[in-house]
Number of protein chains: 2
Amino acid sequence: MRIGELATKAGLTAKTIRFYETAGVLPEPERQPSGYRDYNGSALARLRFVKAAQAAGLTLAEIRQVIAVRDLSGPPCRHVADLLDTHAADLDRRIAELAALRDDVQRLRDRAKSLDPSRCDDTAVCHVIPADDPAAHPPARIP
Amino acid sequence: MRIGELATKAGLTAKTIRFYETAGVLPEPERQPSGYRDYNGSALARLRFVKAAQAAGLTLAEIRQVIAVRDLSGPPCRHVADLLDTHAADLDRRIAELAALRDDVQRLRDRAKSLDPSRCDDTAVCHVIPADDPAAHPPARIP
DNA sequence: GTAAAGCCTCCCCTGCGGTGGAAGGTCAAG
DNA sequence: CTTGACCTTCCACCGCAGGGGAGGCTTTAC
């Protein structure tokens, strides 16, 4: 199977598959005499795993690590469980951050409705956003 | 006031201030005969606004837009309110996505605990993550 | 006078997950 | 024999918000 067929079956582009190879989540396949990549069914299984793992929020680096663990020491279930635990905790933290940010934004928005535009101060850009807000969080990175 | 002093007062680095200038959120200041940037107090007010707006989740591009609106048509309160509305809605959507993702991860994690590692299938990388999951969401980008 | 800060511009680097294009090889059909 | 689809490698770029450092001025302190 050549790369185009594999791409179609996996619902990806050939570009992405080559990228996955360089990213180390897909092993280098055999080559046909022409130099074309020659895939077998396991490549498709691998790509499906990668997609599922991505859907679970794992990065390609983490997926590569899971694969490496499996290759070195067998079923990586424990490792995967730990990764998932960490991700769940990260998500909880991020959800809390975003909820706090959302409340701040909502407050500012309500404030905007109650303020009189004509009383806008010329020195600030916009008095809806208080430049001297001491409660300002550090820029809420959304990594 | 030279850039270092402004940076200290604003709690930023000189690099960042130059970057803000090229990003269009800080106007180009006068120059001293030496070529050094020469800031007045309004630059500090502007930087405080930028920080507050960032804390409210606005990107530099949006902040630049708010400033442009103000320069063109006066107090941008309505525009800012719209932006904040949009951001609050975005945040709500993102929080819902992350909550759904978190539930999925949690489910996988619980599954990992209940599975028998010795029954790991050799064809898949790890049976904790089901490669044929039909409910798999598209990779949950966390931009 | 001289050394140390401080400032200037310029270009490259980061992480993440790819995407786009150029220049060229290969294979099947007409 | 040529056309077109497909493949190869390599290099560059996207957004986002800066950070690192080179090589060269200017200002300040002793």
Side-chain angles (χ1 to χ4, degrees), chain A residues 1-26 28-39 43 46-47 49-65 67 87 90 94 101 137-143, chain B residues 1-26 28-39 43 46-47 49-65 67 87 90 94 101 137-143:
Chain A
M1 179 168 38
R2 294 187 312 192
I3 199 170
E5 189 183 346
L6 178 63
T8 303
K9 280 183 180 162
L12 299 169
T13 68
K15 279 263 186 200
T16 299
I17 291 176
R18 291 193 202 97
F19 172 72
Y20 282 176
E21 190 179 316
T22 71
V25 297
L26 185 64
E28 294 187 24
E30 302 291 304
R31 297 288 181 136
Q32 291 170 353
S34 58
Y36 289 8
R37 286 172 178 81
D38 193 6
Y39 293 98
R46 171 63 62 88
L47 288 180
F49 171 76
V50 171
K51 285 187 91 173
Q54 274 192 316
L58 275 63
T59 66
L60 291 182
E62 286 167 334
I63 296 169
R64 183 180 55 223
Q65 203 190 341
I67 292 168
H87 269 268
D90 282 353
R94 183 126 77 242
L101 178 56
H137 311 292
R141 302 266 95 259
I142 312 187
Chain B
M1 180 167 39
R2 297 189 310 195
I3 199 170
E5 189 183 345
L6 178 63
T8 303
K9 281 184 181 163
L12 300 168
T13 68
K15 276 265 185 198
T16 300
I17 290 177
R18 291 193 204 98
F19 172 72
Y20 282 178
E21 189 180 317
T22 70
V25 297
L26 185 63
E28 294 186 22
E30 302 292 304
R31 297 288 181 134
Q32 291 169 354
S34 59
Y36 288 9
R37 287 172 178 81
D38 193 7
Y39 294 99
R46 171 63 61 89
L47 288 179
F49 170 77
V50 171
K51 283 188 91 174
Q54 275 192 316
L58 274 64
T59 66
L60 290 182
E62 286 167 335
I63 296 169
R64 183 179 54 223
Q65 203 189 344
I67 293 167
H87 269 268
D90 282 354
R94 164 99 72 244
L101 177 57
H137 310 293
R141 303 265 95 262
I142 313 189

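Every chain is numbered from 1, with letters handed out A, B, ... down the list of sequences. Keep in mind that this is a model prediction, so the values were computed, not measured.
- Atom pair Tyr39(A):OH and dC6(D):P shows a separation of 16 Å (rounding to whole Å applied).
- In this structure, CD1 of Ile3(A) is placed 13 Å from P of dC6(D), rounded to the nearest angstrom.
- Here Ser34(A) does not reach the OP1 or OP2 of dC7(D): none of its side-chain N or O atoms lies under 4.0 Å away.
- One atom, CZ of Arg2(A), and another, P of dA5(D), lie 14 Å apart when rounded to the nearest Å.
- Side-chain contact between Val50(B) and Leu60(B) is present, with heavy atoms from C-beta onward closer than 4.5 Å.
- The nucleotide whose nearest atom lies closest to any side-chain atom of Lys15(B) is, among dG20(D), dT8(D), dG17(C), dG20(D).
- Atom pair Gln32(A):CD and dC27(C):P shows a separation of 8 Å (rounding to whole Å applied).
- Here the straight-line distance linking atom CZ of Arg46(A) with atom CD1 of Ile17(A) works out to 13.0 Å at 0.5 Å rounding.
- Distance Arg64(B) CZ to dC16(D) C1': 12 Å, rounded to the nearest Å.
- Within 6.0 Å of atom CD in Glu30(A), 12 or fewer heavy atoms from other residues, nucleotides or ligands are found, so the atom counts as exposed in its surroundings.
- In this structure, Arg18(B) reaches the bases: a heavy-atom distance under 4.0 Å links it to at least one base atom across the strands shown.
- When side chains are defined from C-beta on, Thr59(B) counts as touching Glu62(B), because their heavy atoms get closer than 4.5 Å.
- Per the geometry, CD1 belonging to Ile63(A) stands 11 Å off C1' belonging to dG17(C), to the nearest Å.
- Side-chain N/O atoms of Tyr36(B) and base N/O atoms of dG6(C) include a donor-acceptor pair closer than 3.5 Å.
- Going from atom CZ of Arg37(B) over to atom CE of Met1(B) covers 13.5 Å, rounded to the nearest 0.5 Å.
- Nearest-nucleotide assignment on DNA chain D puts the 5′-proximal partner with Leu58(B), out of Pro33(B) and Leu58(B).
- Of all nucleotides listed (dT8(D), dA17(D), dT9(C)), dT8(D) comes nearest to the side chain of Arg37(A).
- To the nearest angstrom, P of dG18(C) lies 11 Å from CG of Leu47(A).
- The distance between atom CG of Leu60(A) and atom P of dC16(C), rounded to the nearest whole Å, is 9 Å.
- For the pair Thr16(A) and dT19(C), the criterion of a side-chain N or O lying under 4.0 Å from OP1 or OP2 is met.
- Taking side-chain N and O atoms only, Gln54(B) has a distance below 4.0 Å to OP1 or OP2 of dG18(D).
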